[in-house]
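As structure tokens, the structure follows; a few thoughts come after it.
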Amino acid sequence: APPDLNDPAMHTTFMIDPHDIFVRYAAVFQPTERLREGARVGLLVPGRISYLLFGGVPGFVVFRYVLALIAVVPTYLLLRRLYSRVAGVIGVIVILSCPVIILAWGTDFPDSAGVSYLIGGLACLVMPSARHRPAWLIGSAVLFTLAVWAVAASAPLILATLLAYWLVRRKRDRPRLWRDLGVMVGTAAGVTGLLSVASAVLIGPW
């Protein structure tokens with residue numbers, strides 16, 4: 001997808017040379033709060049790691065491949081368990097052929113990561129698996145937390161999803177509801193802490 005926005009390039013600069021961007025343009029950006037791009041660590045931290053490991057263009061491609069897997073693997077597993085393998089394959093095809101998702105993946109705007117995190121997080125949250133339920137909840141909390149720290153517009157969608165989840169579980173399985181929510185809250189706090197440390201090391205101006 002051809003990049004036709006200015007904002008994605010701003011996030012690219014934070015992945016490639018964040019220290020110099022902070023130092024060189026801080027006086028210009030601070031009055032307009034444009035340094036907010038540097039706080040979108042759900043995108044920038046993994047993007048920066050991919051850049052350091054693989055370089056500019058290869059790192060971009062590898063990161064998009066990972067984002068695609070984050071979206072399609074949980075979706076396939078969910079639909080396969082609920083319906084059939086054919087349904088799982090159809091779900092993968094729908095995601096990988098969606099013009100909105102393809103356009104998002106084609107730039108460094110934070111919705112490129114947010115859309116994958118949201119799809120994967122939702123699939124993990126509702127995955128039918130009693131035996132491995134805590135693991136799926138942890139996966140969902142990790143992806144939802146990354147989505148919030150990638151693009152703040154994810155927060156209302158996640159809150160609405162968790163509210164619906166809470167209402168359903170309140171009727172079907174109330175005894176374990178608070179335990180499950182506690183697992184998700186603890187995971188979200190842990191991921192946020194790790195992102196804080198990683199952003200200080202990889203992206204922060206010092």
Practice item. Using the salt bridge (Lys or Arg N to Asp or Glu O under 4.0 Å) rule, take R64 and D108 through it: C-alpha gap first, then chi angles, then the decisive distance, then the call. Key: CA-CA 10 Å; R64 266 54 194 180; D108 277 330; 3.1 Å; yes
Check your understanding: Under 4.5 Å between any side-chain heavy atoms of L96 and W105, yes or no?
Key -> yes
Check your understanding: After noting the C-alpha distance and the side-chain angles of R176 and R133, does the key distance pass the side-chain contact (heavy atoms from CB on, under 4.5 Å) rule?
Key -> CA-CA 11 Å; R176 290 182 290 183; R133 188 67 194 152; over 6 Å; no
**Study point:** Side chain to side chain, V148 and I158, heavy atoms closer than 4.5 Å
**Key:** yes
Practice item. Using the side-chain contact (heavy atoms from CB on, under 4.5 Å) rule, take L125 and W136 through it: C-alpha gap first, then chi angles, then the decisive distance, then the call. Key: CA-CA 6 Å; L125 180 66; W136 287 114; over 6 Å; no
Check your understanding: Taking the side chain as C-beta and beyond, is there a heavy-atom pair between D180 and Y165 under 4.5 Å?
Key -> yes
Check your understanding: For M15, does its backbone N or O pair with a side-chain atom of R48 as donor and acceptor, under 3.5 Å?
Key -> yes
Review point. Can you check side-chain contact (heavy atoms from CB on, under 4.5 Å) on T187 and V142, steps first, answer last?
Key: CA-CA 7 Å; T187 301; V142 168; 3.6 Å; yes
Atom pairs and distances, side-chain donor-acceptor, residues 77-93, under 3.5 Å, sequence neighbours left out:
residue: S84; atom: OG; partner: V86; partner atom: N; Å: 3.4
residue: S84; atom: OG; partner: A87; partner atom: N; Å: 3.3

Exercise for review: Mark yes or no for whether S50, through its side chain, and G47, through its backbone, hold a donor-acceptor pair below 3.5 Å.
Suggested key: no
Study note, to complete from the structure: Tested for side chain to side chain contact (heavy atoms under 4.5 Å, CB included) against F63, the lone hit among L43, I49, L53 is L43
Point to revise | Closest contact, heavy atoms only, L202 versus P18 | key: O-CG, 3.4 Å
Revision key, fill the gap. For G114 and A150 the tightest heavy-atom approach is N-CB, 4.4 Å
Point to revise | Side chain proximity check, M127 to H132, heavy atoms < 4.5 angstrom | key: no
Review point. Is a side-chain donor or acceptor of Y51 paired with a backbone partner of T12 at a separation under 3.5 angstrom?
Key: no
Check your understanding: Do V115 and I119 come within less than 4.5 Å of each other through their side chains, counting heavy atoms only?
Key -> yes
Practice item. Would you please test L146 and V45 for side-chain contact (heavy atoms from CB on, under 4.5 Å) and show each step? Key: CA-CA 10 Å; L146 288 171; V45 166; over 6 Å; no
Exercise for review: Can you tell me which residue pairs pass the side chain to side chain donor-acceptor pair (under 3.5 Å) test with a partner in residues 146-162, sequence neighbours excluded?
Suggested key: W149-T192
